Amino acid sequence: MDRTPADQLPASAPAALRTALSGLKRVVRLPNPDLWDAITTAVLRQVVRAAQARALYQRWCAAYGTRDTALGPVALAPSPKTVLGLSDDAFREVGAAFHRTALQAAAAAYEQHADEWRSLDPDDLVKALDDIPRVGPWTASAATADFTGDFSVYPHGDLAVRTWAHRAAPAAALPDAERQFAVTWQRYAPDRYHLHALTLFTLAWGTHARTAEHNGAPADRT
């Protein structure tokens with residue numbers, strides 16, 4: 001379990017952003033213990049918005065990953081073997097037709113390389129996953145961050161990071177464009193220690209804001 005205190009936020013980040021993020025005090029995150037689930041989740045996030053991706057993941061698991069346990073049925077990510085055996089219609093039925101080729105390519109590669117991948121450091125894991133057809137650097141980075149807990153490798157120009165950074169500190173001069181934002185973000189935190197903290201705290205701030213909005217509280221409460 002990763003425990004990141006607010007004092008790890010980079011001093012070079014805008015003061016307004018640091019002040020907003022520091023209100024969280026400490027972020028505690030349990031990395032995803034299942035690399036295949038992390039890859040699946042990242043692939044299903046391709047193209048679609050976050051809320052759509054969450055709903056798609058739930059349908060995907062319920063349809064093809066439900067297992068009977070001593071505590072009753074549990075829906076987990078379908079295994080690579082299951083994914084490789086699904087028909088085109090099976091993907092269409094849950095709304096995952098767009099993701100079929102990436103999921104099946106990832107499943108085939110995972111069957112061959114899983115043991116090796118689990119032992120790689122974050123940078124090398126990103127490279128290995130990026131080699132899978134239809135996966136790409138964004139998905140490889142998101143899956144690696146989820147599995148390793150190292151958010152210095154997360155795609156820092158991601159819409160979620162940009163959205164919550166702007167919401168947390170609307171007065172800060174943050175770029176809107178993905179590439180320019182990523183360059184600026186990394187300039188605030190040139191070492192991975194601070195880059196991890198800045199990215200993780202921003203995403204955690206967004207989770208708190210989203211929860212507050214759902215409960216009817218002001219969005220800036222942390």
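Excluded from the calculations below are hydrogen atoms, water molecules and symmetry mates; all remaining heavy atoms, backbone and side chain alike, are included. Just so it is clear, the model here is predicted, and its values are computed rather than measured.
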With hydrophobic residues grouped by side-chain heavy-atom distances under 4.5 Å, do [X] and [Y] end up in a single group?
X: Y188; Y: V27; value: yes
X: L200; Y: L125; value: no
X: W205; Y: L17; value: yes
X: L56; Y: I39; value: yes

Which one of [options] satisfies the side chain to side chain contact (heavy atoms under 4.5 Å, CB included) criterion with [X]?
X: H99; options: V94, T40, V43; answer: V43
X: F151; options: T144, T199, L198, T202; answer: T199
X: R162; options: H156, E178, R167; answer: E178

Okay, side chain of S152, backbone of H196: is any donor-acceptor separation there less than 3.5 Å? no
Please answer whether the main-chain N or O of R134 pairs with a side-chain N or O of Q46 as donor and acceptor at a distance below 3.5 Å. yes
Option among Y64, F98, W60 that satisfies the ring pair (Phe, Tyr, Trp, His ring centres under 6.0 Å) test with F91: W60
Let's go through V153 and D123 carefully: what are the C-alpha distance in whole Å and the side-chain angles of both, what is the deciding distance for side-chain contact (heavy atoms from CB on, under 4.5 Å) to 0.1 Å, and is it a yes or a no? CA-CA 7 Å; V153 299; D123 291 331; 3.5 Å; yes
Is there a donor-acceptor contact under 3.5 Å linking the side chains of S87 and D89?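 Side chains of S87 and D89: no pair found under 3.5 Å.
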Closest heavy-atom pair, D124 versus L120, reported as atoms and distance to 0.1 Å, is O-CD1, 3.9 Å
Give the minimum heavy-atom separation between A108 and L84, together with the two atoms involved. N-CD2, 3.9 Å
Identify whether the distance between the nearest side-chain nitrogen and carboxylate oxygen of D146 and R29 falls below 4.0 Å.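 Looking at D146 and R29, the cut-off is met.
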